[in-house]
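Order of listing sets the numbers, starting from 1, for every ligand and every atom in it. Keep in mind that the numbers below use all heavy atoms, side chains included, and drop hydrogens, waters and symmetry copies.
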Amino acid sequence: MDSPTTKVRSWNEWDPLEHVIVGRADGTMLQAPEPAVQPDWPEYGFPAGVFGPLPEEIQEVASERLEAFADLLIGRGIRVDRPALMEFDQPSSTPDWRQETMFGCASPRDVLLTVGEEILEATMSFRSRWYEYLCYRPLLERYYREDSAFRWEAAPKPRLTGGSYKPDFFREWHSLTPDEQWRRTEESDWIVTEKEPLFDAADVVRFGRDLFVQRSMVTNRAGVDWLRRHFPRHRVHEVSYRELLPWHIDATLVPLRPGFVLVNPERPAIQEAHDQLFRRNGWEMVKAPRPARTEAMPFCTCSLWLSMNCVSLDPKTVCVEASETPLMDLLDSHGFEVLPVPMFEVSPFGGGLHCVTADVFRHGELEDYFAVQIPGF
Ligand code: NVA
């Protein structure tokens, strides 16, 4: 039954969580090749060019994990909504292109950016994810009916013609020496061109008035600029890190309460002002321990640093992947209550605990956690 009490609002990653969307793994595809992504898993029966649903056994386990996580949240009094499934094996097209398959809807964090009373549908930059917002439309329509203050926004849908991608990016990338690859990293020289604004919501991390937005394989400078113009009350910081082929910031910079941010020890920020901003405002930058896992799941395109992809229920309570004992011990020693949640098996579907959630309501106000700013950053 519809709840008359829907309220959309979330300003940061740590205020007490009261309403959240949790993704679904059912029907997720190893998507058909497209300019931005070319799956190639010969060892698991999917060599380049072969596509189809992820194997049923791994879908079942992933769905169970998501279901159990949703139940855990509900058990703690948090309202949980789930996206509507689509037939992800269907082709989709626009006047500019036809794509043989969609992807899935396990990672609402990639698509939906909640900033205050607004939920913004990101542009996305994979053709296979162009229509993924439709999975959330029944929920967004409902929030719109029930919360008269809800600001429902969608970024301009991108054309995603060939002009949005550097031709032959991957072939060229693999021909580069490590030094050349790192040089391109310093320049954030990734596959997406600057033809049109592109961003995934998961390249944004929210700290009240300050939004950090990562340039990546899926987020270009025009996308960062679009966000800056769209959120004029915010300070939007364009950031990049020493990570090869980056996409999504939530295994790199993970704030858990005011003044406490987990950072990835292998991915220092490229801009000096990044660390200065935290330090000058008294933030503790705590290095995440090395992941406990040593081997990724089949079909997983994320790194083992998904260990850091945790989600806060409030400034004292954080859900961490259940096998990540080193991180749980570290957070425990910093005074957090840690809830171990098995989510590793969901990684082939697009991510970890933070990825599989999108905030609808966190109890709190817009605050400034960075009174001292760094000019030009
Ligand atoms: N692409 C990053 C972030 C995933 C949430 C990684 O694999 O570490």
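- Looking at Thr252 and Gln214, their side chains never bring a donor and an acceptor atom within 3.5 Å of each other.
- Applying the 4.0 Å criterion to heavy atoms of Cys302 picks out, from ligand 1, the atoms 7 (O).
- Checked for salt-bridge contact, Asp179 and Arg183 miss the test: no charged N lies under 4.0 Å from a carboxylate O.
- Electrostatic pairing of Glu172 and Lys166 does not count as a salt bridge here, judged by no charged N lying under 4.0 Å from a carboxylate O.
- Between the side chains of His248 and Asp203, no donor-acceptor pair of N or O atoms lies under 3.5 Å.
- Note on Glu117 versus Arg151: no salt bridge recorded, every NZ/NE/NH1/NH2 to OD/OE distance being 4.0 Å or above.
- Taking only nitrogen or oxygen atoms, main chain and side chain alike, Trp247 reaches within less than 3.5 Å of ligand 1.
- Below 3.5 Å of separation, one finds an N or O of Arg267 facing an N or O of ligand 1.
- For Arg129 and Asp110, the salt-bridge test passes: some basic side-chain N is under 4.0 Å from an acidic carboxylate O.
- Residue-ligand proximity, Ala251 to ligand 1, at heavy-atom distances under 4.0 Å covers atoms 3 (C), 8 (O).
- Of the heavy atoms in Leu306, only side-chain atoms (C-beta onward) come closer than 4.0 Å to ligand 1.
- Listed by number with element, the atoms of ligand 1 under 4.0 angstrom from any heavy atom of Cys355 are 5 (C).
- Considering each of Thr301, Asn264, Asp203, Asp250, the one bringing a non-hydrogen atom nearest atom 5 (C) of ligand 1 is Asp250.
- Annotation: Ser303 places an N or O atom under 3.5 Å from an N or O atom of ligand 1; distance criterion only.
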